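Report on one structure; see the data block that follows.
Please read all numbers here as calculations on a predicted model, not as lab measurements.
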Amino acid sequence: MATVDIELDKKAVHSCIDDFDIHSLTEIYGPSATTAGDFDSIVGIEDVESLAGREIADINGKIYPSKECCYFMSIPTNYVVKHCKDESAWIQGLQYWVSIAAKGFIEGVAQYGKQYTVQRFTYRAVNRWFSMASNETDLAGSDFIMIPLAMFHNINVRDAILVAILDENDEWYGGEMLSDLAWLPHVPEMSLNLRHFLEAKFAQNETPKISRAVKARKLLEAMAIIVQEIPELTVQVYALIAYISWWFRLGDVAHYANRALQIDPDCSMAKIVNSAIEHGIEPAWLDSHATPQEE
């Protein structure tokens, strides 16, 4: 079987991604980032306490999942699968929060700096993704905004999001290692370990847990819909969908890779996927599967 260098390029999507000034951030996030309403005037602390952690499915049909509700509530994966459309109430509700989150993020950068603000805003969301991948837990509504934001401003988060899906038995990145992969600067040893992990998984003949990948893809598809008003936030989401779809042969691989490249022609992960398609390269386990996997 042919091989391919599948090490994830550690080069940031933008050469100045760690040095955006407030003006540049405002251009990226659009006018809504400076005109969005104030968080405290939209929802009070008593509302947060009453809604936080409750499943949106529990109130659907009883209390309409309004824009104030879904940001704080738990969104079960099976709910996402059944309601992953532009017109779904929970998705429209979360779209309402994108400009508010953007405004809060820019204000945080102005006060604390970008690196601190990214981690402060998104740390819990990224950790919930790790738990979701391994323990079948759910994401919160806010996570569907915060994870794309984290991946855009820290490319290492994107790699860790992928690893959480591929390392299904926690053989390589158990415990705190996923968090380290996401948030710590990548010293040569860490980058080499990531390369070895991907090469080993690529050469693996054992059939992986396809249902795990299907779930991740659907969650990422929902994220892309939710943050689509800020195209930059969708780039790494589309690239991840393409990569997972290629790795597990889930279909629409080129579609999602090209969607990422249309927004950012330098997206390294999308380029890797397109190169693999062009050369007919797939992970070794797919040699024993003649037909695409069913979603």
How far apart are the closest heavy atoms of [X] and [Y], and which atoms are they?
X: V109; Y: L25; answer: CG1-CD1, 3.7 Å
X: N274; Y: A254; answer: OD1-CA, 4.3 Å
X: E168; Y: P208; answer: OE2-CA, 3.4 Å
X: A260; Y: A239; answer: CB-N, 4.0 Å
X: S191; Y: H186; answer: OG-CB, 3.6 Å
X: H153; Y: V118; answer: CB-CG2, 3.6 Å

Test item: [X] and [Y] side chains (from C-beta on) under 4.5 Å apart, heavy atoms:
X: M223; Y: I226; result: no
X: W183; Y: V126; result: yes
X: W246; Y: L286; result: no
X: W285; Y: I210; result: yes
X: H196; Y: W172; result: yes
X: Y123; Y: S179; result: yes
X: L166; Y: F248; result: yes

H83 and Y79 aromatic ring geometry - parallel, tilted or perpendicular at 30°/60° bounds: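 Ring orientation of Y79 relative to H83: parallel.
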Parallel, tilted or perpendicular: ring planes of Y29 versus F105, cut at 30 and 60 degrees: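 The rings of Y29 and F105 sit tilted, inter-plane angle from 30° to 60°.
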What about [X] and [Y], same hydrophobic cluster or not, with Ile/Leu/Val/Met/Phe/Trp/Tyr joined at side-chain heavy-atom distances under 4.5 Å?
X: L194; Y: L184; value: yes
X: L233; Y: I22; value: yes
X: M190; Y: L162; value: yes
X: I272; Y: L261; value: no

Worked check of side-chain contact (heavy atoms from CB on, under 4.5 Å) between R217 and L240: CA-CA 8 Å; R217 170 169 157 156; L240 267 175; over 6 Å; no
Partners passing side-chain hydrogen bond (donor to acceptor under 3.5 Å, both in side chains) against T234 (at least two apart in sequence or in another chain):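 Expected list: none.
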Atom pair [atom1]/[atom2] of [X] and [Y] - distance to nearest 0.5 Å:
X: K209; Y: K215; atom1: NZ; atom2: NZ; value: 10.0 Å
X: L94; Y: I225; atom1: CG; atom2: CD1; value: 11.5 Å
X: M151; Y: Q236; atom1: CE; atom2: CD; value: 7.0 Å
X: Y256; Y: L220; atom1: OH; atom2: CG; value: 10.0 Å
X: N127; Y: E176; atom1: CG; atom2: CD; value: 9.5 Å
X: Q115; Y: N154; atom1: CD; atom2: CG; value: 8.0 Å

Full working for side-chain contact (heavy atoms from CB on, under 4.5 Å) between Y238 and C267: CA-CA 10 Å; Y238 287 140; C267 178; over 6 Å; no
Can you tell me if [X] and [Y] form a side-chain donor-acceptor pair at under 3.5 Å?
X: D86; Y: Q228; result: yes
X: R128; Y: T137; result: no
X: Y173; Y: D180; result: no
X: D287; Y: N205; result: no

Residue pair T122, I147: steps toward the side-chain contact (heavy atoms from CB on, under 4.5 Å) verdict: CA-CA 6 Å; T122 66; I147 290 174; over 6 Å; no
Near-ring test W97/F72, centroid separation under 6.0 angstrom: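 Ring centroids of F72 and W97 are less than 6.0 Å from each other.
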Check: W90 ring centroid to F144 ring centroid under 6.0 Å: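 Close enough - the centres of the two rings lie under 6.0 Å apart.
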For F130, all residues meeting ring-ring contact (aromatic ring centres under 6.0 Å, His included), sequence neighbours excluded: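 Expected list: none.
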Main-chain N/O of G108 paired with T117 side-chain donor or acceptor, under 3.5 Å: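 Yes, because the side chain of T117 sits within donor-acceptor range (under 3.5 Å) of the backbone of G108.
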Salt bridge flag under 4.0 Å for residues E171 and K201: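 Salt bridge flag = yes for K201 with E171.
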R259 and D252 ion-paired at < 4.0 Å: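 Between D252 and R259 there is no salt bridge, as every charged N stays at least 4.0 Å from the carboxylate O atoms.
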Candidate pair W129 and I165, rule side-chain contact (heavy atoms from CB on, under 4.5 Å), full reasoning: CA-CA 9 Å; W129 177 277; I165 300 304; 3.9 Å; yes
Option among D143, D138, V80, L139 that satisfies the side-chain contact (heavy atoms from CB on, under 4.5 Å) test with I75: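 The option that passes is V80.
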Positive for side-chain contact (heavy atoms from CB on, under 4.5 Å) with L181, one of N156, V157, V163: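 With L181 as partner, side-chain contact (heavy atoms from CB on, under 4.5 Å) holds for just one option, V163.
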Over 12 foreign heavy atoms within 6.0 Å of CD, E27: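 Enclosed.
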